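In what follows, a single structure is set out as structure tokens and then discussed.
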Amino acid sequence: MKRLMKILLLLTCLFILGGMVAAGAVFYGFWHFGKGLPDYDQLARYEPPVMTRVHAADGSLIAEYARQRRLFVPIDAIPKQVKQAFLAAEDQNFYEHIGIDFKGIARAFVTNLKNLGQGRRLVGASTVTQQVAKNMLLTNVVSYERKAKEAILAIRIERSLTKDRILELYLNEIYLGQRAYGVAAAALYYFDKSLNDLTIAEAAYIGALPKAPNNYNPFRFPERALERRNWVISRMLEEKFITPEQAEAASKSPLNVKRGGDAEVVKAEWFVEEVRRQLYDLYGVEGLYDGGLSVRTTMQ
């Protein structure tokens, strides 16, 4: 009995010692990688560059000027099904985690063990907040150091900003292929629609793009794009964002992509160029290409 008690005591001591070492390692990691991180408070006042759009007298679009094709949409104006498509595909526990999703990490670990045995692509467990930290404050360099900094920043961002503000930044900043940044620009480019006019299937397709927009380009790889879109629809169903009937109807619908987003000016190049010059003189290069101006001209 005494021998058993000694063994239990030894195991308890080893467990406590192991916990202290692990806690020390975590504390050291936060101290080491947390030094000199970018100012995450800037996200609270961040205003993304938005393209300038020029319209004819009747309101039709005749030109766009931008370094990045983007239309900023406040979170309250983004349709629920668009937000749900992204959360189902990218971060199902977004409104529950602290910036790092420990459940998602455990789930990804199990999935990757299976994928390794089947020779399939490994999956990640980055949250929406981690992606905001990477895309807006860090670089895309793949390294353990960057992942550590990304995790620390994500926790700090969650303590500084509301969940809705974080999601708003993500949905307006994320690159979705073809020079389209943010969900509004993607809706215009791929479907020539506003966000409010997107169907469940169309919202699911846009939600499928963050991981690898070029790999799911519907004009080059329609079958691959359709498969990925249907996976997002299945995830929306799993999360009970849509009904089985809605999921079935959306999965059976074609992609229905319609290349849009680029204004076409016919026999009016001189007019549009003169507008561009005047805007440049009035607002400078930053205002012209990043200022999100909406210009109504006299062109009939």
Side-chain angles (χ1 to χ4, degrees), residues 43 46 48 68-97 99-101 103-104 107-108 123-136 150 154 157-158 161-178 180-191 193-218 224-242 246-247 250-251 253 255 257:
L43 298 180
Y46 174 75
Q68 298 177 349
R69 183 185 287 118
R70 179 189 284 108
L71 295 169
F72 184 85
V73 183
I75 190 65
D76 291 338
I78 298 176
K80 182 184 294 185
Q81 65 188 22
V82 174
K83 292 183 279 191
Q84 291 172 338
F86 278 84
L87 293 180
E90 296 293 316
D91 191 353
Q92 66 189 65
N93 298 319
F94 173 70
Y95 282 99
E96 301 168 10
H97 62 62
I100 301 173
D101 183 6
K103 292 180 182 178
R107 185 171 56 252
V123 300
S126 290
T127 65
V128 160
T129 317
Q130 285 176 269
Q131 292 183 58
V132 168
K134 179 189 71 173
N135 295 336
M136 302 182 68
E150 178 184 298
I157 290 170
E158 289 271 352
L161 304 179
T162 66
K163 287 285 189 179
D164 281 349
R165 174 57 175 169
I166 295 168
L167 187 59
E168 180 181 73
L169 290 171
Y170 174 77
L171 293 176
N172 281 287
E173 189 68 23
I174 190 72
Y175 176 63
L176 297 170
Q178 310 305 312
Y181 288 79
V183 291
L188 280 175
Y189 180 81
Y190 293 107
F191 301 105
K193 289 183 176 182
S194 69
L195 286 174
N196 289 324
D197 294 329
L198 293 179
T199 65
I200 291 174
E202 291 164 347
Y205 171 70
I206 294 176
L209 290 171
K211 280 289 185 286
N214 293 330
N215 290 345
Y216 303 115
N217 184 325
R224 193 184 298 172
L226 187 65
E227 181 181 358
R228 178 70 177 177
R229 182 207 68 178
N230 287 349
W231 175 81
V232 175
I233 292 171
S234 70
R235 286 289 304 117
M236 293 176 74
L237 176 61
E238 286 180 36
E239 294 301 314
K240 295 182 173 56
F241 292 147
I242 56 177
Q246 288 175 316
S251 298
S253 67
L255 281 173
V257 287

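Since this is a predicted model, take the numbers as computed values, not measurements. One-based numbering along the sequence shown.
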Report the C-alpha separation of E202 and R229 in whole Å, then their side-chain angles, then the decisive distance to 0.1 Å, and conclude whether the salt bridge (charged side-chain N to carboxylate O under 4.0 Å, His left out) test is met. CA-CA 8 Å; E202 291 164 347; R229 182 207 68 178; over 6 Å; no
Can a salt bridge be assigned to the pair E227 and R224 using a cut-off of 4.0 Å between side-chain N and carboxylate O? no
Go through it in stages, so that I can follow the logic: the residues are I78 and E168, the test is side chain to side chain contact (heavy atoms under 4.5 Å, CB included), and I'd like the CA-CA distance, side-chain angles, deciding distance and then a yes or no. CA-CA 9 Å; I78 298 176; E168 180 181 73; 5.7 Å; no
Contacts of type ring pair (Phe, Tyr, Trp, His ring centres under 6.0 Å), residue Y175, not counting sequence neighbours: Y181
Nearest atoms (heavy-atom pairs only) where L255 meets P218: CD1-CB, 4.0 Å
Applying side chain to side chain contact (heavy atoms under 4.5 Å, CB included) to I206 and V82, what does each step give before you reach the verdict? CA-CA 8 Å; I206 294 176; V82 174; 5.8 Å; no
Worked check of side chain to side chain contact (heavy atoms under 4.5 Å, CB included) between K211 and R228: CA-CA 10 Å; K211 280 289 185 286; R228 178 70 177 177; 3.5 Å; yes
Minimum heavy-atom separation for A85 to A203, with atom names? CB-O, 3.5 Å
Assess the side chains of Y95 and D164: does a donor N or O sit below 3.5 Å from an acceptor N or O? yes
To the nearest 0.5 Å, how far apart are NZ in K193 and OG1 in T199? 5.5 Å
Looking only at atom types and distance, does a side-chain atom of D91 sit under 3.5 Å from a main-chain N or O of V128, one as donor and one as acceptor? yes
Applying side chain to side chain contact (heavy atoms under 4.5 Å, CB included) to V73 and V183, what does each step give before you reach the verdict? CA-CA 8 Å; V73 183; V183 291; 5.6 Å; no
Closest non-hydrogen contact found for P213 with L176 is CB-C, 3.6 Å
Set of side chain to side chain donor-acceptor pair (under 3.5 Å) partners for S194, sequence neighbours left out: D197
When you measure from the side chain of K134 to the backbone of E150, do you find a donor-acceptor pair of N or O atoms at a distance under 3.5 Å? no
Just wondering, do K240 and Q84 contact through their side chains at under 4.5 Å, heavy atoms? no
I need the minimum non-hydrogen distance between L237 and I242, along with the two atoms involved. CD1-O, 3.5 Å
Starting at NZ of K83, measure out to CG of L167 and round the result to the nearest 0.5 Å. 7.0 Å
Taking atom CZ of F241 and atom CD of Q246, what is their separation to the nearest 0.5 Å? 12.5 Å
For G182, is there any backbone N or O sitting under 3.5 Å from a side-chain donor or acceptor partner on N172? no
Can you name the nearest heavy-atom pair linking L71 to A184, along with the distance? O-CB, 3.6 Å
Measuring from atom CD of Q92 to atom CZ of R235, what distance do you get when rounded to the nearest 0.5 angstrom? 4.5 Å
Any donor-acceptor pair under 3.5 Å linking the side chain of S251 with the backbone of N230? no
Hey, is the main chain of T127 close enough, under 3.5 Å, to the side chain of Q130 for a donor-acceptor pair? yes
What's the spacing between F72 CZ and L171 CG if we round to 0.5 Å? 10.0 Å
If you measure from CD1 on I200 to CD on Q81, what distance do you get to the nearest 0.5 Å? 5.5 Å
Shortest non-hydrogen pair, Y205 vs Y216, comes out as OH-O, 2.6 Å
